[in-house]
Amino acid sequence: LEQYARPGVFKRAIIEGMTIVTSKARAVELGGPSAESASDHELVAAIREGDEAAFDEIVRRYQNQITNFMYRMIDDYDRSVELAQETFIRIYTSAHRYKADYSFSTYIYRIAANLAISEIRRRRRRKLLPLNFSDEDGEQVHIDLPDGKPLPDELLIEEERRRAVARAIKSLPEKYRAAVVLRDIEGLSYEQIARALNLSEGTVKSRINRARNLLREKLSAYI
Amino acid sequence: MSCRKIRKLIDEAERPDLLMPEAASHLESCPACNEFARQRARLRQLLISPGQVSAPPDFHIRLKRRLASLNQSPPTPMPLWKLAAAAAIIIAIATLLLLRGPKPTPTPPASAISSMAQPEIQPLQKLLAKPSAGPTRNKAAKHRARPAAVRPQELDAMPRAALILVRRQDVEYELAIPAISVGAQPIFYDLNSKGSARVIKTSF
């Protein structure tokens, strides 16, 4: 088995009538190199062969990043988790469609961004009522539901700032939102963002610039 | 470098903490650009300040459960909009085929033609004079055709680009196509009646 479990090699070997599927991920059980050392491309190739251990490794690598991205896009944790799972389901069911032309992280962010944008549009169609009310002066006031637990001042300030940032991001048009979240929060390069959003690099740069200008206005109290 | 260019450099830097030496020296001497750089850095800091949200501990278990139920669930019926789209496409294709009419029958091989009884060759003029005997003419198409740029008597002098033998059950005639066209509409004229030109077909 050693020869089939060497790094970077995924083979279906028939040894004396037995079919043994070997992969880096499966090699963990076989005492070979671990799935952790396999590249994303190798893992997707193994997923294509039906290797569930490779899929588990991909999930382990990206679950936090994708959940975080979803959360920053839609500001709803439970739904973010569902959408992050949906992203992995799509990876699993359409692994055969993945082409290794660019990095896997770009590919997974492309799926996640599409799902997030669809969710934003769906929510807009449903016209979910935000907890915004007008005060006596006609100013919009956002109401967060209290969790009933007393918070120290520092935590209150921190929580208020977190809410302000979330609101500011949420108020951005979706096309700006995805670009700026991928750049300033997820830390993707302009090239990766361009590929993930299927745009030119110039368009991505311009959208990020506009998004930052809008955010600067909305968060001026904190800057 | 202008302030505008410097700000573009600050905004588009792949690594915001690393600036080109020209930009860095400009910031030292330009308070406005310095303030811009400070605000951008503060904004970035603010955006990442809430910290990274993590997936819940049971993320993997829930995902596996969803995948398992996906494999067990029966195939979902085609959504209504997809059915409607498919029906619309089928109707459009059927309509198109109906409008185009039946395909012309293929020309028999030359040997077969020579063995057939040769029908009388009639001038096109004569055929066209009898609407019932000639091919059905599309009135709307006739009105659209305006071969006014060429006078009929000039057609004979023009080089012929193609000669078409039109064969029907009882009659056949030759059509010459000059190397001119009006829009996309070729002009046909009858070789046997000099000087006459009639549009009998408006498009290929």
Side-chain angles (χ1 to χ4, degrees), chain A residues 52 55-56 59-60 62-72 75 77-78 80-82 84-89 92-93 158-159 161-166 168-169 180-181 183-191 201-202 204-206 208-213 215-216 218-223, chain B residues 2-20 23 31-76 79-82:
Chain A
E52 291 202 10
F55 178 67
D56 294 346
V59 174
R60 192 192 65 75
Y62 288 97
Q63 59 179 0
N64 288 338
Q65 274 170 267
I66 299 301
T67 305
N68 186 57
F69 169 70
M70 287 295 185
Y71 179 64
R72 302 307 291 274
D75 192 29
Y77 184 73
D78 290 339
S80 300
V81 172
E82 282 174 17
Q85 293 198 338
E86 184 61 36
T87 306
F88 287 107
I89 288 171
Y92 187 80
T93 53
E158 180 57 39
E159 177 59 16
R161 192 169 56 197
R162 196 193 66 74
R163 290 298 330 151
V165 170
I169 293 174
V180 79
V181 169
R183 175 73 194 144
D184 286 346
I185 296 170
E186 298 300 319
L188 266 65
S189 70
Y190 288 110
E191 189 193 349
E201 266 193 56
V204 166
K205 285 176 179 173
S206 134
I208 290 172
N209 178 269
R210 282 163 198 233
R212 284 175 182 159
N213 288 340
L215 287 172
R216 191 187 56 188
K218 289 172 195 296
L219 296 169
S220 57
Y222 299 93
I223 290 178
Chain B
S2 65
C3 289
R4 197 165 162 236
K5 215 164 185 182
I6 293 290
R7 288 175 192 195
K8 199 167 183 277
L9 277 177
I10 293 168
D11 235 3
E12 296 178 0
E14 280 291 348
R15 280 194 57 186
D17 52 328
L18 292 179
L19 278 181
M20 283 168 67
C33 288
N34 201 311
E35 176 60 15
F36 178 83
R38 191 198 65 78
Q39 283 186 355
R40 282 297 199 246
R42 177 76 187 119
L43 179 64
R44 258 194 314 276
Q45 208 180 6
L46 205 58
L47 290 177
I48 56 171
S49 64
Q52 176 116 0
V53 163
S54 299
D58 62 345
F59 184 91
H60 204 253
I61 298 165
R62 280 159 64 183
L63 176 60
K64 287 277 179 185
R65 214 177 289 149
R66 279 181 73 177
L67 272 171
S69 67
L70 206 69
N71 290 335
Q72 285 166 4
S73 63
T76 49
L80 210 60
W81 70 268
K82 277 191 182 173

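Per chain, numbering begins at 1; letters A, B, ... match sequence-line order.
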Of the listed residues (B:Arg40, B:Gln39, B:Arg62, B:Arg7), which shares the most heavy-atom pairs with chain A below a 4.5 Å separation?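 The answer is B:Arg40.
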Under 4.5 Å from any heavy atom of chain B - which part of [X]:
X: A:Val81; result: both
X: A:Arg183; result: side chain
X: A:Gln65; result: both
X: A:Tyr222; result: both
X: A:Phe69; result: neither
X: A:Thr93; result: side chain

[X] vs [Y] side-chain heavy atoms within contact, under 4.5 Å:
X: A:Val180; Y: A:Ile185; value: no
X: A:Tyr92; Y: A:Glu52; value: yes
X: A:Arg212; Y: A:Asp184; value: yes
X: A:Ile169; Y: B:Leu47; value: yes

Under a 4.5 Å heavy-atom cutoff, which of [options] has the most pairs with chain B?
options: A:Glu82, A:Arg60, A:Glu158; value: A:Glu82
options: A:Thr67, A:Ile89, A:Asn68, A:Asn64; value: A:Asn68
options: A:Val59, A:Ile66, A:Leu219, A:Val181; value: A:Val59

Yes or no on salt bridge (Lys or Arg N to Asp or Glu O under 4.0 Å) for A:Lys205 and B:Asp11, after CA distance, side-chain angles and deciding distance? CA-CA 8 Å; A:Lys205 285 176 179 173; B:Asp11 235 3; over 6 Å; no
Any donor-acceptor N/O pair, A:Ser206 side chain to A:Gly202 backbone, under 3.5 Å: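 Pair absent, no side-chain N/O of A:Ser206 close to backbone of A:Gly202.
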Examine whether an atom of B:Arg38 lies under 4.5 Å from a heavy atom of chain A, and if so say whether it belongs to the side chain, the backbone or both; otherwise answer neither.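 The side chain, not the backbone.
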Portion of B:Lys8 that has a non-hydrogen atom of chain A nearer than 4.5 angstrom: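 Contact with chain A is absent: no heavy atom of B:Lys8 under 4.5 Å.
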Looking at A:Arg72 and A:Glu186, is any side-chain nitrogen of the basic one under 4.0 Å from a carboxylate oxygen of the acidic one?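 Result for this pair is no, no salt bridge flagged.
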Kindly give the heavy-atom pair with the smallest separation between A:Gln63 and B:Phe59, and that separation in Å.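 Answer, listing the atom of A:Gln63 first, then B:Phe59: OE1-CD2, 3.0 Å.
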